[in-house]
Structure formats: structure tokens, C-alpha cells
2 protein chains.
Amino acid sequence: MTTVQDTPSATAKKSDATKALILDTALRLFAERGYERTTMRAVAAEAGVSVGNAYYYFDSKEHLVQGFYYRIGDLHVRASQEVLAREQELDARLRGVLHRWLEVAAPYHQFGSQFFKNAADPASPLSPLSPESAPVRDAAIGLLREVVDGSTAKMDPMLRPELPELLWLYQMGIVLYWVHDRSSGCSRTGTLLDSTAPLISRAVNLSRLRVLRPLIQDAIPVVKNLLQPGQ
Amino acid sequence: MTTVQDTPSATAKKSDATKALILDTALRLFAERGYERTTMRAVAAEAGVSVGNAYYYFDSKEHLVQGFYYRIGDLHVRASQEVLAREQELDARLRGVLHRWLEVAAPYHQFGSQFFKNAADPASPLSPLSPESAPVRDAAIGLLREVVDGSTAKMDPMLRPELPELLWLYQMGIVLYWVHDRSSGCSRTGTLLDSTAPLISRAVNLSRLRVLRPLIQDAIPVVKNLLQPGQ
DNA sequence: CGCCACTATTGAACGTGTTCAAAAATGGGT
DNA sequence: ACCCATTTTTGAACACGTTCAATAGTGGCG
């Protein structure tokens, strides 16, 4: 099958007004009641359309969540600019930017922890590695590239171009922890962030050591391969 | 040798015969048709009981999969003994043991990739970090401890006791890649294993370097904290 | 206007996981 | 043997995601 997936700007044939209305309604209900407790019937009723009509615009309930990804990613990039303008050191930039993610995502924590399981399904368009998620993923990696390039950190020059993608993997790990985090205000995730980001910064700094160079050289192509489409 | 009991008989009040029958039937159908395409009605019918009776023994369809964990874990420990007896070097032991996991899990790849999404849900008992999964997790970490302790590898002595849990995290990463792996025979996962295990072995070896010691010292409590129950 | 192809919309119906009140079986105490 | 509490079993009923054939709207063209 070679049909084009409904990325936001790919096929603009369908009425965008109704589609946006349904999406906004869904995200609102998700935030209010959580993912599981929001039924497609409720979304349709609240948006003033029929159930079938919602399915005309969104292939499944999961597809509704794609909009959440775009929203969070956009808010995060915007909220991070201030940090990038202020901080110089890699540690502070990384920690600041990821803290911003926690802040931006905070209102959706309960909602997020309910649907993030779907993101682990490789077949789901919600997988962070899926083609549908590519725009959001690339934006996130681009943000981390700014974190690296705008910093004063010194490192193995071979590592620098690959570091943003490595940091993205790190961010995915933080998000996974956040999803599991039941502490009030997700304080445990914040602590994890504060304790791991300096370690990463120090490890990056150590990458200039001669003894480590062959290891890094061998690891780079592996990482490079890791983020290619699995097929 | 660490083994996993086949049925978590914490509450031994309920008849184990019917429970085992239902579980066996379910696992067989999962392997035959996949997880999603196996209905609870089919499981019940095939096992010769009513739908409600299946729910009397298993709280949900997901709970049926817990048995899969136990089975795989047990088979893996058993299949790994030969490797542990033969190999001496950390790289070979680690690679061999994880390759055994791939072999043991191979028949369930399609099935696995369909239900593993549930494992990422923190609320699900299928989460590898959930209390329900503790026996399987501990057995897996124990196996990796044998991998480490029986090897000739030299490392920072502070690292040694924590290494098995780190390797378990590594194994989770491999499994996650395996779940996504669509290549024939999951050859890509095998390749990833062969390329990353030596890197890990070399990194472990480098842990003895004086310059790395403070970094390792600071990282150990973080890792230790990571695997504690999130509550 | 009349026709036509296409888009948009509807809501009943289907399959599925899950629940629950009720019935059946079990087993110990008298 | 009888009773009664507990465990086990049943299957109809419910809620939800999803599908689909049918219907209504839309716009371009002669």
C-alpha cells in the first residue's frame, strides 16, 4: 500500500475546520478525563459530529494523539529559547531544556502516562520512531543540536555531530521515567534529570581522552545505524 | 542456577489445574494467531470453560501474558547454562546469553511485538518494573550476575555489583529493538547484539582507568536509585 | 437549471474485553 | 444425611472502538 499518511500538510483535501474542531475537543477531554476514559462517542458528541465522522478524519483513536505530540513539541521548542539564550555550559543547557519539557508536559502527565504505552508499539503511528512522528522527532533532535552547538563544551570532534541523537535517546529515557513517575509534581524525574545531566556533560568532556577514542570510533556507526528505519 | 517457578502460586486457594489449562490454551493461541487476534471467547471455548471462568482466574487478558514472561525467563536461564559453562570472557558470555534469549523468544516474536506495548504502561502488571514482574526480573538479573561473576573481566570493583543491573537495562534495550525488528529472522537485532556487546565489554574494561573513577563513583548511586520502585 | 463525480456525514451494527448476578459444585461441621 | 459458607462456573449483558452501506451536501460544467 502506497497511500500517503495524513501528515498535517500532506493532503489538504479534507475540511480542516471540522478536523481541527474534533482534535481540539479530543485533547480537551483527554486532559479532563484521561485517555482511556474518553470515548470516541463522547468526543464526537462534544464536537457536535457523528462517531463515523470522527473516523472519517482520524483513522483511529490513537491518531488523535498525534496532535498532542505536535503541540508538546512546539511548546517545548518555544519554551526552551530563553534557556538557550541564557546558558552557555552544556550541562546547564541540557538540564534547562529538559526541565522545560517537564514543565510543558506537566499538565498532561496523567493523560500521557495512559497513552504512552501505545507509543511503544512499533506498529502504532505513535511510536517515536514511526514515519508519522518524524517531524516531531526531527524538531526535538534539532533543539538538542542547538543545545550542543551553542555550548562551550569541548569534545571529540567525531562525537559532536552524533551527540544530538544520543541526547534524544537520553531524553526518551527521561520521558519513560517520567511516565512511570508517581511522585508529587514528578519530583523524582526532576531529581533524575539533575543527577544525570552533569554526568553526561562530564562524560562528553572525557570523550577527548586518547584512550577512549577507539571505543568512540567504533560506537558511532552503531548509534548511527540504530536510528535508521527498521525495515 | 536461578530458576523461575512456572506459576506464581502466591494465592494457592484457586484450583491450579483449570488455571494452567486456560494459560496453556491462551499461550498456544497467542503463538498461532497473535495476541490481538486471539479473543477471550476463543481461549475459553478452546479450553472448554466459560468466558467468565477465564476471568475468574485471570483479571484481564493482559494477565494471561504474565505466564509468557515466566515461561520465557525459565527457558532462557536453562538455555544459557551451556554458554556459561563454555565461555570465559565477558564479551562472549554476554553475547552468548543474549543470543540465547533471541533464540528462545524467536517463536513468539510476532506475538511479543503485539503485546509488548502493554509492557510500557506503568499501570500494567506487564511492565518489567512492576511488582508482578519482580520474580522474572530478579531471575534475569541473577543470570546476568552469573555472566559477570563467572567471567575473567577486570573492572572497577565498585562497578562490579552494579553491573548486572546495568546489563539488564541493556538487555531491555535489546528487547525493545527486537520488538521493532522486522528483518527476517530478526537478523538486525543479532547484528546489533554483536556490535554492542564488545563495546560494553571494552567500556567495562576501561572502567579501571583512574580518570574515569570519579564519574563512575557518581553514576553508581544514580543507577541504584533508578531501579527502585517508583512510588 | 440538471447532471455528475466527489466529499462529507450519519448512525446502526459488529466484534471485543469485561462485568455481574445467579447457579452449581465443594467441603467441612454437626 | 443435612446444612451452610465458600469456591467455582456460567452466559447474558454492557461499554467501547471500529466499520460500512446509505444518505446528504458540494461544486464544476454544459
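It should be emphasised that the depicted structure is a prediction, and the values quoted were computed from it without experimental measurement. Throughout, a chain's letter reflects where its sequence line sits, starting with A, and its residues are numbered from 1.
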- [ ] May I have the distance from B/I22 (atom CD1) to D/dT8 (atom P), rounded to whole angstrom?
- [x] 11 Å
Open item on the list: If you assign each of A/M40 and A/G52 to its closest nucleotide in DNA chain D, which residue comes earlier from the 5' end?
Closed with: A/M40
Open item on the list: Rounding to an integer number of Å, can you tell me how far B/L29 CG sits from C/dT16 P?
Closed with: 13 Å
Task: Stepwise salt bridge (charged side-chain N to carboxylate O under 4.0 Å, His left out) check, B/R100 with B/E82 - done: CA-CA 10 Å; B/R100 289 305 162 102; B/E82 180 263 334; 2.6 Å; yes
Task: Phosphate OP1/OP2 of C/dT9: any A/T18 side-chain N/O under 4.0 Å - done: yes
TODO: Return the nearest nucleotide to the side chain of A/N53; candidates are D/dT18, D/dT8, C/dT10.
DONE: C/dT10
Task: Phosphate OP1/OP2 of C/dT19: any B/Y56 side-chain N/O under 4.0 Å - done: no
TODO: Would you indicate, yes or no, if D/dT18 has its OP1 or OP2 atom less than 4.0 angstrom from a side-chain nitrogen or oxygen of A/Y55?
DONE: yes
Task: Salt bridge flag under 4.0 Å for residues A/R78 and A/D74 - done: yes
Open item on the list: Without decimals, in angstroms, what is the distance between A/Y35 OH and D/dA15 P?
Closed with: 20 Å
Open item on the list: Cation-pi check for B/Y56 against B/K19: NZ or CZ below 6.0 Å from the six-membered ring centre and within 45 degrees of the axis, yes or no?
Closed with: no
Open item on the list: What's the closest nucleotide to the side chain of B/R41 if the choices are D/dA13, D/dT18, C/dT7?
Closed with: D/dA13
TODO: Check the distance between C/dT18's C1' and B/Y57's OH and give it to me in whole angstrom.
DONE: 18 Å
Task: Closest to side chain of B/S50, choosing from D/dT9, C/dG11, C/dG17 - done: D/dT9
TODO: Output yes when B/R95 and B/E87 qualify as a salt bridge under the 4.0 Å nitrogen-oxygen rule, no when they do not.
DONE: no
Open item on the list: Does A/V49 reach a base, just sugar-phosphate, or nothing at all? Heavy atoms under 4.0 Å.
Closed with: sugar-phosphate
Task: Interatomic distance where CD belongs to A/E36 and P belongs to C/dT16 [whole Å] - done: 19 Å
